[in-house]
Amino acid sequence: MNDLLPPHDFIDALGEAYELLLEKALQKAHQSGALVHHMIEESRGDITALHRFSDDEVIKLEEYLKRDLFDAAQYLEKTEKDLKYWLDFDVALIKREFWNQFTEAAGHTRIALNQLREMAKNTGYLSGELIGIGTIVCSQCGEKLHFHKPTHIPPCLKCGGTLFHRQRF
Ligand SMILES: [Zn+2]
């Protein structure tokens, strides 16, 4: 029994809300010319699916989305490689539309990296938090966990560790 994780329907709902938030923020960024990162909070009120969550949960969700985009943007900046290599698994496992939106938003975020760097000092990922897509590594034993849709992070399957980080490229 693991008390770190909420029930499944809650995880699914939050995962869906993550995707909707990304989609809406991207739309708003297109309309206004502002950064996706800045449009994430602005989009909160447009997403009915968010009404079932508390304010704290919504704020966390926004932070999780920004964290993933920031990491992907840093990867683009450092490596100049295609974002599919950042995933460390087959891109076909991700819904195409979601992937397209994520890569566009990451490219957009890259432009503002310097501005956002201050906001993203804490880059550790904890069990029970939400992650969008990609691969994280257990800080205790090095086991890799892969995510192809937004979901909660379980404890490490190998050692039970609860702290993870993105791969360093
Ligand atoms: Zn581990």
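When a ligand or atom number is given, it counts from 1 through the structure's own listing order. In what follows, every heavy atom counts, from backbone to side chain, and hydrogens, waters and symmetry copies are set aside.
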- request: Report the C-alpha distance between K84 and F89 in whole Å, list the side-chain angles of each, state the deciding distance to 0.1 Å, and finish with yes or no for side-chain contact (heavy atoms from CB on, under 4.5 Å).
  value: CA-CA 8 Å; K84 70 183 180 200; F89 59 79; over 6 Å; no
query: Are any of the side-chain heavy atoms of V58 and R44 separated by less than 4.5 Å?
result: yes
field: Option from Q27, K24, E23 for which side chain to side chain contact (heavy atoms under 4.5 Å, CB included) with S43 holds
entry: K24
message: Are F147 and L157 linked, directly or through intermediate hydrophobic residues, by side-chain heavy-atom contacts shorter than 4.5 Å (ILVMFWY only)?
response: no
task: For the Zn ion (ligand 1), state how many protein N, O or S atoms fall inside a distance shorter than 2.8 Å.
output: 4
query: Is there a donor in the side chain of H37 and an acceptor in the side chain of E62, or the other way round, less than 3.5 Å apart?
result: no
query: With no hydrogens and no angle check, do the side chains of D82 and Y75 hold a donor and an acceptor under 3.5 Å apart?
result: no
